[in-house]
Amino acid sequence: MNHQDFFKVKDGWNLEIESIKEEQLVHFGSNLLCGNGYLGYRGTLDEWNKEQYQACVVTDTYDLADGKWKELSNSPNALTTELKIDGERLGDYPGQNEMTTKLNFNYKYGIFRRKSIADKNIEVVSERFASFDNLHLIANNFQINNIEANEIELKIGINGDVWDLNGTHLENFTGEYNSNKNTLYLKANTVESKITLVTALSFKFKKGKIKNIKVENEEKSIYLLVSVDAESDRIVLARNMIVYSSNDLANPLQAALNDAAAALESSFENLRREHQAVWDKKWELMDIKVRGNLLDQLAVRFNLYHNIIAAPAHSERLPIGARGLSCQAYQGAAFWDQEIFNLPMFLFTETETAKNILKYRYHTLKGARKKAEELGYAGAFYAWISGKTGEELCPSFFFKDVISGRKIRNHFNDWQIHVSPDISYAIWKYYLATEDIDFVINYGSEILFEVARFLHSRVHYNQYQDHYEIIRLLGPDEYHENVDNNAFTNYQTQFALKKALYFYHKMENEYPEKLEMLKEKINLLESEITSWQQIAEKIYLPCPDQDNLIEQFDGYFDLEDTTAEVLEERLINQDEYWGWPNGVAVFTQVIKQADVIQLFTLHDIFSETVLAANYDYYEPRTQHGSSLSPSQYAVVAARLGRAEETYNYFKKSAFIDLMSTNKAVSGGTFIGGIHTAAAGGIWQLIVNGFAGLKIDKEGLSFKPVLCQEWREVEFNLNYRNKKFKVILNKNIFQLKANVENNEILESNVFEKKYMLKPGEEVKIEL
Ligand code: IFM
């Protein structure tokens, strides 16, 4: 499929859509999402409702309405609009062809703009953004041009009849209109968690004279029927939607009304200016410039934008959802995606956000301990799907057999244990990138020790082999459940134990009091440290065999050797789930996503010969059924100097959402929305892949290589508070230290050391 079937590229920041196809509503709404880490307002037209997947997902509003899926709630929509001209409803409703609409989305500032034209040249133009200056605000400028009619009626207000994926989350609606202040609100609470959610609206007609306003209360909504006279053929309405919940503060109603009033005092243009200033600051460090291909440039920024708006940077107690705030799929909750895919970009740019992401894991230790205890283990077994409290949200029956209709008992929750050592891994990387020892002492060490404890309780000693094994688990490749000794997990386990030991001894030597306090707090015994050491030394690590191949798990090579294409032909129903217990992939070597290759992206401990052998072996056996997969293959391809293959994976990964290449429903479960891990993966693909950035105890290093399709790549990094620019083209690799740095920047390029004083630069010929 061509990208022009979906969108046009105006420049490196703007995407244009010239016609809206009904079958693309789910993913357009996600792609054109206005967001800020607090809320996500889907890219829908003003006149659309839940039937067109209009939604505004609000962070920290977890609610279990159907007894199975605890997910975030959607706010009532305060930008709801119905326009009547001379008594006739006018809008662009799918399938009705009353208007022609063009959409523009600006990824620099997250600005959604629609322009629709109807008969007699009547034009509806509307622009909105979710403010980064006030996270509770969505500002909208709605205008109708070329009006020749007599009677214009606008139905505006707050519509509480929202799109819910699993059960209805809001109840007990109350609302009020204050005519003196041009403000109204709707208050409701979530059915199970009893969170109060307040949505307010303030509005002003900048052009157009209000003739009459009639209030219409419905069970879940409050509307105003406004008759307006056009002014010089125009009506311009400035609106502010404000959202607060009782998890934000004690009196969400008062806060919403205050913000609504303040926004009304300002103007759309001012609010936009303040919002843009925040984005400008962010892009100074987070933008990646790709020269030589405008489409790719836009795709890169699309992904960076989505990784940024998915992260609740304002809080240290909230997760990055696997679908961000683009819809309720995956419950607005964190998977291992958060540490391994979303985090890396922040580690080298907005380090405060990186810290918050990791602190979230500290605050959810209780949930992780609870899960471990319930399953008979010690320490912290982090939830596979983790919401506010860190308790396991992943239901035991995740997918269903679409042929029989029976539920499938997936074991993502109980057996996919690598999420815990993945978090330890991320703490180590954060420490290397920032040298923030305070974080490690005060937060990270407790996580590291509790994860080590869990791993200690989870491994089995095999006395015949005199080594430790991990049996009955799932690696990253989710099609093969109940396997033993998944290479990725075993290596990650050893790594996590070693880092726990490293910081234990560091604290013992340098911060003994802190260590004593922590030991007392978590009741940590010397004997446990000895055991961690023993397990780290004796854990079974599947090694490259005579063909340099690492077996993904015990017995993997004995499975039927085939490809995803062959398995496609075996499907009875296209929506069938391929994995456990009886899916088409289970008894074959076809894997869902990078697994041994995922080990290589995280650890640089194998030779290029081993990398190449495994890449060549696993690549044709990987379905890339998960959006996490292509970017990881891309990084390894770049390490092997196979830049064109990296580029092919870029195309696969960067366009997953832009061209809707991944399924929105699998095994009967809705998993649509923005693939935030793939979005974060694009940063890795360019920075760790093309530029070859690595960070380890020796420091930073680069091993650059660039594909033919791009003339140049440019980005900025922040390493231990030293900022610098990286420019890579086919001939030159350039590092430029920021003049404001306080220290010398040290870095290796192709294993040669460079020391850059503030303001200095180096150009290395490739
Ligand atoms: O965490 C991933 C997993 O690796 C593959 N299935 C989807 C999850 C959420 O993105």
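Atoms within each ligand, like the ligands themselves, are counted from 1 in listed order.
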(request) Please assess Glu192 against Lys70 for the test salt bridge (Lys or Arg N to Asp or Glu O under 4.0 Å), listing each intermediate value before the final yes or no. (result) CA-CA 9 Å; Glu192 173 261 345; Lys70 192 170 195 133; 3.7 Å; yes
(message) Suppose we screen for ring-ring contact (aromatic ring centres under 6.0 Å, His included). Which residues come up paired with Phe690, at least two apart in sequence or across chains?
(response) Trp710
(request) At a heavy-atom distance under 4.0 Å, which protein residues reach ligand 1? Sort them by chain and number, would you? (result) Ala322, Tyr330, Phe335, Trp336, Asp337, Trp384, Glu478, Lys592, Gln593, Ser626, Leu628
(message) Ring centres under 6.0 Å, that's the criterion: do Trp578 and His480 meet it?
(response) no
(message) Applying the ring-ring contact (aromatic ring centres under 6.0 Å, His included) criterion to Tyr491, which one of Phe600, Tyr540, Tyr425, Phe606 satisfies it?
(response) Phe606
(request) Applying ring-ring contact (aromatic ring centres under 6.0 Å, His included), name anything that partners Tyr362, two or more places apart in sequence or on another chain. (result) Tyr443
(message) The criterion is ring-ring contact (aromatic ring centres under 6.0 Å, His included); which residues satisfy it with Trp415, sequence neighbours excluded?
(response) His411, Trp580
